[in-house]
Amino acid sequence: MSRPKNQNYKGHGLSKGKEREQRASIRFKTTLMNTLMDVLRNRPGWVEVKDEGEWDFYWCDVSWLRENFDHTYMDEHVRISHFRNHYELTRKNYMVKNLKRFRKQLEREAGKLEAAKCDFFPKTFEMPCEYHLFVEEFRKNPGITWIMKPVARSQGKGIFLFRRLKDIMDWRKGNAGKKLTSLEAQPARSTANPSGSHDARSSDDQKEDIPVENYVAQRYIENPYLIGGRKFDLRVYVLVMSYIPLRAWLYRDGFARFSNTRFTLSSIDDQYVHLTNVAVQKTSPDYHPKKGCKWMLQRFRQYLASKHGPEAVETLFSDMDNIFIRSLQSVQKVIISDKHCFELYGYDILIDQDLKPWLLEVNASPSLTASSQEDYELKTCLLEDTLHVVDMEARLTGREKRVGGFDLMWNDGPVSREEGPPDLSGMGNFVTNTHLGCVNDRKKQLRQLFRSLQGQKKASS
Ligand SMILES: Nc1ncnc2c1ncn2[C@@H]1O[C@H](COP(=O)(O)OP(=O)(O)O)[C@@H](O)[C@H]1O
Ligand SMILES: [Mg+2]
């Protein structure tokens with residue numbers, strides 16, 4: 001329960017133009033002991049609350065949310081770091097189900113061309129409930145590679161690749177063989193109810209802690225874009241402040257996560273070749289803790305521009321914007337909209353040799369643990385800027401299009417780069433206010449922003 005004692009607080013959530021009194025301090029709580037804790041503890045005016053103390057801001061984990069959210073009273077100004085049913089986007093099976101439904105809806109309402117803009121996730125079947133559909137598809141494409149992923153785990157755990165139906169037969173019988181030790185003696189079960197909405201009680205949204213496991217069988221992208229012969233995927237951060245209306249921010253920085261071993265399709269059992277998760281790669285014998293396995297997105301963007309020219313890069317990054325926006329729209333009406341909630345998502349994007357980006361998954365709890373000094377800086381800046389946007393201090397006007405490293409990408413519609421009406425590119429993608437992998441001069445921007453906000457405040461008082 002969180003019942004702020006500071007009765008003089010009238011701020012957040014009230015109309016932005018109104019004069020607001022600010023709290024003497026902001027009481028925060030978190031269960032995470034990583035870069036987040038450093039950022040929260042260093043934030044001026046924020047004080048840590050332990051145990052059952054009342055809080056104004058809680059960066060909670062999803063298991064806390066599942067058990068407590070429904071019976072927690074929250075005052076107007078209180079903020080919490082997840083939406084109640086975030087798993088509609090962040091569980092692999094629900095994400096695909098929502099995307100498929102959204103694509104159908106677009107086809108009905110706007111035609112095939114519009115629906116085709118949702119073709120950014122590899123063909124996916126939920127197992128075991130779509131097993132028969134999967135087998136049909138499998139038989140149509142003999143010889144291709146598939147990937148099996150537990151719907152609610154992370155860090156590459158429980159994942160395997162296969163080309164023979166026999167591997168799935170074994171899995172179905174609950175007798176999955178050596179590769180599938182995690183599945184042994186775990187009968188698979190569908191948790192989706194017939195109405196298509198996902199029952200919060202039966203949906204275990206905490207990665208790791210699930211009694212029975214569903215999987216998705218997904219087409220494996222056999223032609224990933226390689227750099228130095230190695231596969232990688234991208235981690236991109238998207239901050240959603242509201243679903244109705246949809247208000248989403250894109251962070252300029254992120255990184256590419258490389259595998260340590262040269263890519264080949266001849267050894268599909270080697271996780272060091274095929275899974276780019278840092279948690280997997282850092283256990284590889286070739287891993288150098290100093291070198292790590294990451295490239296910052298700026299470096300990646302520059303590399304691509306030098307190889308393929310700026311236009312190809314613009315198209316790729318605009319295709320990625322399309323992924324962020326459509327995936328959020330696909331759950332817009334499903335996610336329980338609640339003004340107390342915000343969420344910082346970690347998108348996993350794989351790029352193929354045709355420079356097409358594919359959405360692999362969206363994480364509700366992207367890792368906030370730093371793997372190097374550079375990674376530490378990225379994550380602390382990301383979190384500082386997240387707190388600036390969440391704006392517990394009630395400093396913003398609500399009209400900002402940029403706050404530090406975050407650019408407002410969607411505000412109930414595309415946000416144009418310059419003032420004026422939003423323009424649509426020839427490709428039919430939105431040209432929106434995004435600068436992924438571009439210069440992140442956040443310090444300078446924040447200085448200017450807060451100086452001008454103070455100026456406005458003085459002028460109006
Ligand atoms: N369809 C796919 N094609 C190619 N590689 C994939 C595919 N799906 C996953 N991978 C690889 O496996 C890794 C883990 O998959 P992901 O869906 O992100 O699950 P996890 O929750 O375990 O991180 C990805 O980072 C990527 O390297
Ligand atoms: Mg992942």
Side-chain angles (χ1 to χ4, degrees), residues 62 86-87 89-96 99 119-127 134 137-138 141 144-163 179-180 182-183 204-210 213-227 230-238 254-265 267-284 293-295 323 327 345-354 356-369 371:
V62 290
H86 65 85
Y87 46 78
L89 185 62
T90 58
R91 263 180 80 151
K92 296 176 178 71
N93 53 341
Y94 293 164
M95 178 189 89
V96 168
L99 279 168
D119 290 339
F120 50 69
F121 56 102
K123 199 157 254 174
T124 308
F125 297 90
E126 188 172 346
M127 305 293 257
F134 164 73
E137 186 66 27
F138 181 92
N141 302 281
I144 70 162
T145 313
W146 292 83
I147 185 166
M148 279 284 271
K149 310 195 274 190
V151 295
R153 289 216 256 170
S154 61
Q155 304 189 319
K157 286 181 201 139
I159 296 183
F160 64 100
L161 275 60
F162 67 96
R163 292 199 186 114
K179 276 186 281 177
L180 299 175
S182 59
L183 278 171
D204 191 322
D205 51 282
Q206 191 193 19
K207 294 192 169 194
E208 295 310 309
D209 169 29
I210 46 175
E213 276 199 303
N214 281 9
Y215 267 63
V216 289
Q218 185 170 77
R219 196 170 173 151
Y220 187 69
I221 306 297
E222 290 182 329
N223 62 336
Y225 191 95
L226 304 177
I227 297 181
R230 293 177 307 151
K231 175 178 171 173
F232 62 89
D233 70 354
L234 306 183
R235 167 54 56 86
V236 181
Y237 298 97
V238 172
F255 47 85
R257 299 174 293 196
F258 283 86
S259 106
N260 278 292
T261 315
R262 289 183 78 82
F263 185 74
T264 167
L265 278 171
S267 56
I268 61 168
D269 292 340
D270 189 344
Q271 58 172 354
Y272 297 127
V273 174
H274 299 283
L275 309 188
T276 53
N277 304 74
V278 176
V280 171
Q281 294 299 329
K282 73 178 181 200
T283 66
S284 148
C293 51
K294 288 179 180 170
W295 269 21
I323 293 182
S327 57
Y345 296 108
Y347 274 70
D348 286 355
I349 307 273
L350 185 82
I351 292 161
D352 72 15
Q353 284 167 13
D354 304 320
K356 176 181 165 73
W358 294 91
L359 175 61
L360 299 184
E361 67 156 344
V362 183
N363 292 278
S365 310
S367 166
L368 299 175
T369 304
S371 60

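Ligands are counted one by one from 1 in listed order, and the atoms in each one are counted from 1 as well. Throughout, numbering of the chain's residues begins at 1 and tracks the sequence. All values below were derived from every heavy atom in this structure, side-chain atoms included, with hydrogens, water molecules and symmetry-related copies excluded.
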Roughly how far apart are Asn277 CG and Ser367 OG, rounded to 0.5 Å?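 Result: 10.5 Å between the selected atoms.
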Report the angle formed at the Mg ion (ligand 2) by atom OD2 of Asp348 and atom OE2 of Glu361, rounding to the nearest 10°.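 Between OD2 of Asp348 and OE2 of Glu361, at the Mg ion (ligand 2), the angle is about 90°.
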Might you point out which heavy atoms bring Lys231 and Val273 nearest each other, and give the distance in Å?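 Residues Lys231 and Val273, closest heavy atoms: CD-O, 4.0 Å.
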Relative to each other, are the rings of Tyr220 and Phe263 parallel, tilted or perpendicular (30° and 60° limits)?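 Geometry flag for Phe263 against Tyr220: parallel rings.
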By number and element, which atoms of ligand 1 are closer than 4.0 Å to a non-hydrogen atom of [X]?
X	result
His274	11 (C), 27 (O)
Leu275	12 (O), 27 (O)
Gly156	20 (P), 22 (O), 23 (O)
Thr276	24 (C), 25 (O), 26 (C), 27 (O)
Gln155	20 (P), 22 (O), 23 (O)
Lys92	16 (P), 17 (O), 19 (O), 20 (P), 21 (O)
Leu350	4 (C)
Ile159	14 (C), 15 (O), 19 (O), 22 (O)

Look at the side chain of [X] and the backbone N and O of [Y], then say whether any donor-acceptor pair between them is shorter than 3.5 Å.
X	Y	value
Lys92	Arg153	yes
Arg235	Phe255	no
Gln281	Tyr272	yes

Within a strict 4.5 Å, meaning less than it, do heavy atoms of the Asp348 and Thr276 side chains meet?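 When only atoms from C-beta onward are counted, Thr276 and Asp348 do not touch, as no gap falls below 4.5 Å.
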Can a donor-acceptor pair be found between the side chains of Gln353 and Asn223 at a distance below 3.5 Å?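 On atom types as modelled, these side chains do not qualify, holding no pair under 3.5 Å.
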Residue pair Lys294 / Ser371, side-chain donor-acceptor N/O under 3.5 Å: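 Yes - a donor-acceptor pair under 3.5 Å links their side chains.
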For ligand 1, is there an atom lying under 4.0 Å from some heavy atom of Lys231?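 Contact present.
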Using a plain distance cutoff, I'd like to know if Tyr220 has any nitrogen or oxygen under 3.5 Å from a nitrogen or oxygen of ligand 1.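 N/O-N/O distance under 3.5 Å: no.
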Sub-3.5 Å N/O-N/O distance, Arg219 and ligand 1: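 Min N/O separation from ligand 1 is below 3.5 Å for Arg219.
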Specify side chain, backbone, both or neither for Ile221, according to which of its non-hydrogen atoms lie closer than 4.0 Å to ligand 1.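 The answer is both.
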